[in-house]
Structure formats: structure tokens, C-alpha cells
Amino acid sequence: MTSDWSLNYLNNAAEQAKSDPPGYIPNQPLRKSRRNNTLEQTHEANKKSLELSAIKHNKAWETAIAPGKAMFTTAFMMYMSGSSIQIFSISIVFMTIWNALKSLTKINTTFKPFQISNAPPGATLTHAELDFTPQKLAFVACQVAALALGLYKADTMGLLPSRPSDWIEFWRSDILTTFTPGSVHPLY
């Protein structure tokens, strides 16, 4: 008894029954018309281009809100470092302020990888310049919040001159010009 999946090398190859391979659909035309083929290719290219731009926008949003997610960790580290002046707490405050300022100056380079158009050939939709203004504004807001957090911590540590006692060296002493009756004159 032979099964459909066994080969019998004793019989002639022409005599064996040949079955269609899996996935083969009989009576399907071999070639589509050239016009339908190019329309389908254009449709597929446009679909891929739209999917690519949607992926770029999602990745840009992830990049935009990443500093906001990291800010909670930074705030916890600042809280745990205390308000005394130590090298560890000063370095955390300095790095928070420095990274926020550095990121604010490099907004366009941060979002430049998302601007590059990788439209498939044959696509009729042009996505040469995608608009990432909302993502950039969210990124700026997160960086300004991180900068404000760093400056607040520097102020609570006393590193910023925001109190009147920080400017005491520039105060002018008042010269007494009048005396009240009954006042005692210095003997010198």
C-alpha cells in the first residue's frame, strides 16, 4: 500500500500520479494586464508611504515625551540627594540644567531622522517634509519643565542668588546725617 507522501522508485516516474503543490490555485491567469499591475503597485506604494509616515509620527511622539518620562526619575533623585550642598546633589542639579539647555538648542537635529522621506518608488503621494510641530512643542515643554525643576532645586539649595542676603556686598550703608535730641554722641 502506498500513500500520497511516499515515493516509489521502482515504478516509472511518468506513471506516478502528480498532485498540485500546496497553495497552487488552478485556472488562475498567469499574467495580469500591465495597466492593472501598475495601478496595484502604485496603490501599494501609496499605502506603504502612508504607513511609513504614521510610524514616523508615532516615533516622533515617543521622542517628544521621553524627557517628560525621565523627569520623574530625575525629580526622585533630586529629592533623595537632599538640600545640602554636596558634590552629588550639585552634579545632579548641574546635569539636569545642562541637559535641558543642550536639548533645547538641538530640537531640529533631534527630529531630523523623522524628516527624511523614504517613500517607496512608484508612490504618487509626496511626503518630503512631514510636519512635526506638535511633537516639537511637546518636546520643548518637557525640556522647559526639566529646566524649571533644576532651577528650583538649585534655588532651594541656595545656589542661586535670589534672596536679599545674597546681595549684601552691594548694599550701601546709610550715613547718619541727623541726630535726635537726647542722643549720645560718640566719644571718638
Side-chain angles (χ1 to χ4, degrees), residues 5 19-83 86-157 159-160:
W5 296 99
S19 63
D20 293 332
Y24 175 73
I25 302 171
N27 301 328
Q28 183 180 10
L30 295 177
R31 282 195 158 254
K32 296 181 180 178
S33 69
R34 183 176 178 97
R35 184 174 186 273
N36 288 342
N37 195 13
T38 57
L39 286 176
E40 286 180 9
Q41 285 177 349
T42 304
H43 177 68
E44 287 296 320
N46 288 341
K47 186 177 174 183
K48 287 180 183 178
S49 178
L50 288 174
E51 289 174 358
L52 183 63
S53 66
I55 290 171
K56 284 183 180 184
H57 277 284
N58 288 340
K59 290 294 183 181
W61 273 115
E62 288 177 11
T63 303
I65 61 173
K69 291 179 181 178
M71 192 168 46
F72 294 109
T73 306
T74 305
F76 181 71
M77 287 175 44
M78 286 184 183
Y79 171 74
M80 293 304 287
S81 69
S83 61
Q86 299 172 4
I87 191 70
F88 181 69
S89 57
I90 291 174
S91 66
I92 289 175
V93 169
F94 175 74
M95 288 306 294
T96 302
I97 294 171
W98 178 254
N99 287 336
L101 290 175
K102 187 171 64 170
S103 296
L104 283 173
T105 59
K106 296 183 179 184
I107 295 171
N108 290 329
T109 56
T110 303
F111 288 96
K112 189 170 184 141
F114 306 117
Q115 292 288 346
I116 299 171
S117 176
N118 293 332
T124 59
L125 299 175
T126 57
H127 295 288
E129 285 294 320
L130 297 173
D131 186 28
F132 293 109
T133 304
Q135 290 91 340
K136 288 180 181 181
L137 290 175
F139 184 76
V140 168
C142 289
Q143 294 300 337
V144 167
L147 181 64
L149 180 69
L151 290 175
Y152 173 75
K153 181 64 176 182
D155 185 49
T156 59
M157 290 173 61
L159 297 176
L160 295 181

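The first residue in the sequence is number 1, and the count goes up from there.
- Rounded to the nearest 0.5 Å, atoms CD1 (Ile92) and CD (Gln86) are 10.0 Å apart.
- Closest heavy-atom contact between Leu151 and Leu160: O-CD1, 3.5 Å.
- Of all non-hydrogen atoms in Trp61 and Ala138, the two that sit nearest each other are CZ3-CB, 3.8 Å.
- Put simply, the side chain of Asn99 reaches to within 4.5 Å of the side chain of Lys102, judged on heavy atoms.
- A distance of 7.0 Å separates CE of Met71 from CG of Leu149, quoted to the nearest 0.5 Å.
- Contact between Gly150 and Val93 at its shortest, heavy atoms only, is O-CG1, 3.6 Å.
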**Prompt:** Under the salt bridge (charged side-chain N to carboxylate O under 4.0 Å, His left out) criterion, do Lys59 and Glu62 qualify, and how do the steps go?
**Reply:** CA-CA 5 Å; Lys59 290 294 183 181; Glu62 288 177 11; 3.7 Å; yes
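- With rounding to the nearest 0.5 Å, the separation of CG in Asn58 from CZ in Phe114 is 10.5 Å.
- Rounded to the nearest 0.5 angstrom, Ser89 OG and Tyr79 OH are separated by 14.5 Å.
- For Phe132 and His57, the ring centers sit closer than 6.0 Å to each other.
- Of all the heavy atoms in Phe139 and Thr63, the pair that sits closest is CD1-O, 3.8 Å.
- The aromatic rings of Phe94 and Trp98 lie parallel to each other, with less than 30° between the two planes, well short of the 60° mark.
- A distance of 11.5 Å separates CG in Asp155 from OG in Ser83, rounded to the nearest 0.5 Å.
- Checked by atom type and distance alone, the side chain of Thr156 pairs as donor or acceptor with a backbone atom of Lys153 at under 3.5 Å.
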**Prompt:** Should Thr74 and Met95 be marked as a side chain to side chain contact (heavy atoms under 4.5 Å, CB included) after you check the CA-CA gap, both sets of side-chain angles, and the distance that decides it?
**Reply:** CA-CA 10 Å; Thr74 305; Met95 288 306 294; over 6 Å; no
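- Rounding to the nearest 0.5 angstrom, the gap separating the CG atom in Asn108 from the NZ atom in Lys136 is 4.5 Å.
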